[in-house]
Q: 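I'd like to ask some things about the structure below.
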Amino acid sequence: MSEHNDDERLVTSKDQVPEHPEAAEATPEEAFRESHAARAQSAASRAAATCHYIEQRGLGENHEDGPAEKEIVWKATRGARVSAQAVALISESALDPAADSRCARNASASACQTAEMGQLHDGKSDLAVAAYRAALKASMAAAEAALAGNLGRDMALNAAADAAETTAVAAAEEAGWMEPGQHVPQVSLGVRSPEMMAMMHL
């Protein structure tokens, strides 16, 4: 009797195995979303870490004449917040590689603004300048991938944007703005203004 039950359990287990396992594979839209979302999240984390760095240390001794401390902190915070908002929009929206790539573009552009404030904060040290330039290149690459004609689906441009983001992260780490695996305090999303939503093209 027990042998019969065991056989029944085995048959039941086999019956539960999908006949077409390939059906569980990600669709192209899902794959593009994963790529754009990962890049956007990386940019947002980079911006949040840089903002936290600025807030925790105040203005450096080598700071040159320029924006006041409050303006540097304000702009860094704004960049980190908009980056975080872009990431949130991806998860809240329907699958759309074009829209996802625009969100990733805006996350990177806002992270670039925060990196510029990091550069000013550090008195334009060599490492800070290098980190800002890497952030700028990442922003430009993300913008290229999101161009209207590409619709976020150009594999080569997406790969180039991913590589530029990786370089920007490494440069930020070299500048001391963030550390590998660093847990960064979550940035408040604030209120999404109509202007921000228009910028996202959503």
Side-chain angles (χ1 to χ4, degrees), residues 35-60 63 66-67 69-92 100-125 127-146 158 161-193 195-197 199-202:
S35 172
H36 294 309
R39 187 174 350 110
Q41 182 60 67
S42 177
S45 296
R46 178 162 52 85
T50 303
C51 180
H52 183 67
Y53 169 85
I54 293 172
E55 290 177 336
Q56 292 296 308
R57 289 162 179 77
L59 288 179
H63 179 67
E69 179 179 358
K70 288 184 178 180
E71 184 174 2
I72 290 178
V73 173
W74 183 84
K75 287 186 176 180
T77 302
R78 180 181 181 279
R81 177 176 294 120
V82 175
S83 283
Q85 289 175 344
V87 174
L89 281 172
I90 293 178
S91 63
E92 296 169 5
D100 293 345
S101 67
R102 290 194 296 269
C103 286
R105 172 200 66 191
N106 290 319
S108 187
S110 297
C112 183
Q113 181 186 52
T114 300
E116 183 178 13
M117 294 304 102
Q119 176 186 234
L120 291 174
H121 167 275
D122 286 357
K124 297 184 178 180
S125 68
L127 290 177
V129 170
Y132 167 65
R133 288 178 177 172
L136 181 59
K137 289 181 179 179
S139 177
M140 294 172 65
E144 185 72 15
N158 289 343
D162 291 344
E165 174 58 30
T166 298
T167 299
V169 169
E173 291 174 352
E174 283 291 319
W177 297 348
M178 62 187 301
E179 299 177 3
Q182 176 183 1
H183 175 70
V184 182
Q186 185 174 1
V187 176
S188 171
L189 295 180
V191 178
R192 300 173 191 171
S193 68
E195 293 77 11
M196 193 279 291
M197 295 300 289
M199 181 183 73
M200 296 293 186
H201 293 183
L202 296 173

Q: Taking the side chain as everything from C-beta on, heavy atoms only, tell me whether Glu92 gets closer than 4.5 Å to Leu89.
A: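 With C-beta onward as the side chain, the pair touches.
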
Q: Could you tell me the separation between the CD atom of Gln119 and the CH2 atom of Trp177, rounded to the nearest 0.5 Å?
A: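 Going from CD on Gln119 over to CH2 on Trp177, the span is 6.5 Å.
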
Q: Closest heavy-atom contact between Ala80 and Cys51?
A: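 Nearest heavy atoms, Ala80 then Cys51: CB-CB, 4.1 Å.
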
Q: Can you confirm whether Ile54 sits close enough to Met117 that some side-chain heavy atom of one is under 4.5 Å from a side-chain heavy atom of the other?
A: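 Sidechains of Met117 and Ile54: in contact.
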
Q: Looking only at side chains, do Asp122 and Tyr53 share a donor and an acceptor under 3.5 Å apart?
A: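 Asp122 vs Tyr53: donor-acceptor pair found between side chains.
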
Q: Only counting residues at least two apart or in another chain, list the ones meeting side-chain hydrogen bond (donor to acceptor under 3.5 Å, both in side chains) with Ser45.
A: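 Expected list: Gln41.
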
Q: Could you tell me which residues satisfy side-chain contact (heavy atoms from CB on, under 4.5 Å) with Gln113, sequence neighbours excluded, listed by chain and number?
A: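 side-chain contact (heavy atoms from CB on, under 4.5 Å) check on Gln113 returns Arg78.
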
Q: Residues two or more places apart in sequence or in another chain: which of them pass side-chain contact (heavy atoms from CB on, under 4.5 Å) with Ser83?
A: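 For Ser83, the residues satisfying side-chain contact (heavy atoms from CB on, under 4.5 Å) (neighbours in sequence not counted) are Ala44, Ala47, Ala107, Ser110, Ala111.
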
Q: Using atom types as modelled and distance alone, determine if a side-chain donor or acceptor of Ser108 lies under 3.5 Å from a backbone N or O of Arg105.
A: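 Judged by distance alone, no pair lies under 3.5 Å.
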
Q: What distance separates Asn106 CG from Ser139 OG, expressed to the nearest 0.5 Å?
A: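 One gets 8.5 Å once the value is rounded to the nearest 0.5 Å.
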
Q: Of all the heavy-atom pairs spanning Asn158 and Ala145, show the shortest one and how long it is.
A: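 Looking at all heavy atoms of both residues, the shortest contact is OD1-CB, 3.5 Å.
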
Q: Please enumerate all residues that pass side-chain hydrogen bond (donor to acceptor under 3.5 Å, both in side chains) together with Asp100, with sequence neighbours excluded.
A: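 So Asp100 forms a side-chain hydrogen bond (donor to acceptor under 3.5 Å, both in side chains) with Arg33.
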
Q: What salt bridge (charged side-chain N to carboxylate O under 4.0 Å, His left out) pairs are there with at least one residue in residues 162-188, not counting sequence neighbours?
A: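 As it turns out, the salt bridge (charged side-chain N to carboxylate O under 4.0 Å, His left out) pairs with a partner in residues 162-188, which skip direct neighbours, are Arg39-Asp162, Arg46-Glu165.
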
Q: Checking side-chain contact (heavy atoms from CB on, under 4.5 Å) against Glu55, which of Ile72, Thr50, Val73 comes through?
A: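 Per the side-chain contact (heavy atoms from CB on, under 4.5 Å) rule, the option paired with Glu55 is Val73, out of Ile72, Thr50, Val73.
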
Q: Closest heavy-atom contact between Ala168 and Ala138?
A: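 Result for this residue pair: CB-CB, 4.0 Å.
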
Q: Mind listing the closest non-hydrogen atom pair of Ala104 and Ala142 along with its distance?
A: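 Ala104 and Ala142 have their closest heavy atoms at O-CB, 4.3 Å.
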
Q: Work out which heavy atom in Ile90 is nearest to a heavy atom in Cys103; give both atom names and the distance.
A: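 Where Ile90 meets Cys103 most closely, the heavy atoms are CG1-CB, 3.4 Å.
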
Q: Working to the nearest 0.5 Å, report the span between NE2 of His52 and OG1 of Thr114.
A: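 Rounded to the nearest 0.5 Å, the NE2-OG1 separation comes to 14.0 Å.
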
